[in-house]
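Everything on this sheet refers to the single structure shown next.
Position 1 is the first residue of the sequence, and the numbers go up from there.
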Amino acid sequence: MKDPDDSARPEELPERPQSPRPNYVTPAGLQRLRSQAADLAARLQAVGPSADPHEQALLQRDLRWVEGRLQRAILVDPAAQAPDRVHPDRVRFGMTVDVRHPDGSIEALTIVGEDEAEPGTGRISWASPLAEALMGAEPGDEVVWRRPAGKARLEVMGVRIP
């Protein structure tokens, strides 16, 4: 039973959980988080204090989440990293990797932060099993990717800064 005095107060929303992993981001990913924070802050200000309490609570919660991601952000700029002198073409965070699948098709995958990942467009999280399999590989290497459907072998064709 609700207290009648609580009618204007929104239900308490659970916080959006932060990933326990380090929040590595590319320069584009950092800019995207900053834009999200600015957008949420503007939307919150635009709805004002007379807004629907539930909408206001959702915006506040989402803004806290994005601000938390920004506070934990660790910028990794692949263009600014000194390449390994012995192995300059090793797969690293932020790099684009061209891989050949067993059927002969070639796919470009860019290893990005968790918040930047869009697997459908070839942007994969550094913490994904596929990225973990690729990290440290060089052109000509064959890597084994453990996936739910079973193991898959990929050949690294090239590595570049996107």
Side-chain angles (χ1 to χ4, degrees), residues 1-84 88-99 105-137 145-148 154 156 158-162:
M1 193 159 137
K2 277 191 142 186
D3 184 347
D5 293 338
D6 285 346
S7 62
R9 208 167 30 161
E11 287 185 43
E12 189 115 353
L13 294 172
E15 289 297 315
R16 291 178 61 186
Q18 294 282 344
S19 171
R21 297 180 186 95
N23 188 24
Y24 297 119
V25 294
T26 64
L30 183 60
Q31 183 56 45
R32 188 175 180 186
L33 284 172
R34 287 177 177 155
S35 293
Q36 284 178 325
D39 178 57
L40 287 166
R43 288 173 52 199
L44 192 56
Q45 187 172 1
V47 297
S50 61
D52 170 39
H54 182 71
E55 180 184 4
Q56 201 170 28
L58 280 171
L59 289 169
Q60 289 169 340
R61 179 191 68 174
D62 290 348
L63 181 57
R64 284 190 304 272
W65 182 84
V66 172
E67 287 174 340
R69 296 303 289 162
L70 276 167
Q71 289 171 357
R72 297 179 61 228
I74 302 166
L75 178 62
V76 180
D77 185 350
Q81 292 181 44
D84 182 330
D89 292 336
R90 276 200 174 154
V91 177
R92 304 184 311 266
F93 180 89
M95 304 295 280
T96 296
V97 186
D98 296 313
V99 297
S105 64
I106 295 179
E107 180 179 21
L109 302 168
T110 303
I111 300 174
V112 297
E114 288 180 297
D115 302 326
E116 303 171 75
E118 294 176 8
T121 64
R123 298 173 59 80
I124 60 173
S125 167
W126 68 272
S128 70
L130 177 53
E132 288 177 355
L134 291 168
M135 293 295 255
W145 169 32
R146 297 186 198 305
R147 55 192 182 137
L154 302 171
V156 176
V159 179
R160 65 186 185 284
I161 295 172

Subject >> Side-chain heavy-atom pair L13, L58 within 4.5 angstrom cut-off >> reply: yes
Subject >> Gap between atom CG of L130 and atom CZ of R147 - 0.5 Å precision >> reply: 10.0 Å
**OP:** Enter the distance from L70:CG to W65:CH2 here, rounded to the nearest 0.5 Å.
**Re:** 9.5 Å
**OP:** Quick one: pull up CZ in R90 and CG in L134 and give me the separation to the nearest 0.5 Å.
**Re:** 14.0 Å
**OP:** Give the minimum heavy-atom separation between W145 and A133, together with the two atoms involved.
**Re:** CA-CB, 4.1 Å
For residues 32-41, which side-chain N or O atoms pair as donor and acceptor with protein atoms under 3.5 Å away, sequence neighbours left out?
{"residue": "R32", "atom": "NH2", "partner": "E118", "partner atom": "OE2", "Å": "3.2"}
{"residue": "S35", "atom": "OG", "partner": "Q31", "partner atom": "O", "Å": "3.1"}
{"residue": "S35", "atom": "OG", "partner": "Q31", "partner atom": "NE2", "Å": "3.3"}

Original post:
Are any of the side-chain nitrogens in R160 or D98 under 4.0 Å away from the carboxylate oxygens of its partner?
Top reply: yes
Subject >> V99 backbone acceptor or donor facing E107 side chain under 3.5 Å >> reply: no
Original post:
If every non-hydrogen atom of P27 is compared with every non-hydrogen atom of P78, which pair is closest and at what distance?
Top reply: CD-CD, 4.4 Å
Original post:
Would you say the side chain of D115 lies within less than 4.5 Å of the side chain of N23, judging by non-hydrogen atoms?
Top reply: yes
**OP:** Could you pull out the closest heavy-atom pair between A117 and S125, with the gap in Å?
**Re:** CB-N, 3.7 Å
Original post:
Got a salt bridge between E15 and R64, using NZ or NE/NH1/NH2 to carboxylate O under 4.0 Å?
Top reply: yes
**OP:** Could you walk me through whether L59 and V47 pass the side-chain contact (heavy atoms from CB on, under 4.5 Å) test, one step at a time?
**Re:** CA-CA 10 Å; L59 289 169; V47 297; 4.1 Å; yes
Original post:
Taking only residues two or more places apart in sequence, or in another chain, which ones meet T96 in a side-chain hydrogen bond (donor to acceptor under 3.5 Å, both in side chains)?
Top reply: T110
Subject >> Qualifying residues under salt bridge (Lys or Arg N to Asp or Glu O under 4.0 Å), relative to R146, sequence neighbours excluded >> reply: none
Original post:
In Å, rounded to the nearest 0.5 Å, how long is the span from CZ of R69 to CD of Q71?
Top reply: 11.5 Å
**OP:** Please identify each residue that fulfils side-chain hydrogen bond (donor to acceptor under 3.5 Å, both in side chains) with E132, with sequence neighbours left out.
**Re:** none
**OP:** Quick one: pull up CZ in R61 and CD in E12 and give me the separation to the nearest 0.5 Å.
**Re:** 11.5 Å
**OP:** Assess whether side-chain contact (heavy atoms from CB on, under 4.5 Å) is satisfied between V112 and I124, documenting all intermediate values.
**Re:** CA-CA 6 Å; V112 297; I124 60 173; over 6 Å; no
**OP:** Would you give the length of the straight line joining atom CD1 of I161 to atom CE of M95, rounded to the nearest 0.5 angstrom?
**Re:** 5.0 Å
**OP:** Answer yes or no: is there a side-chain heavy-atom contact under 4.5 Å between L75 and Y24?
**Re:** no
Subject >> Contact summary for W126 and A131, nearest pair of heavy atoms >> reply: O-CB, 3.6 Å
**OP:** Taking the side chain as every heavy atom from C-beta outward, state whether D77 and T26 have any pair of such atoms under 4.5 Å apart.
**Re:** no
**OP:** Return the set of residues passing side-chain hydrogen bond (donor to acceptor under 3.5 Å, both in side chains) with R21 (not counting sequence neighbours), or none when no residue passes.
**Re:** E114
**OP:** Return the set of residues passing side-chain hydrogen bond (donor to acceptor under 3.5 Å, both in side chains) with Q45 (not counting sequence neighbours), or none when no residue passes.
**Re:** none
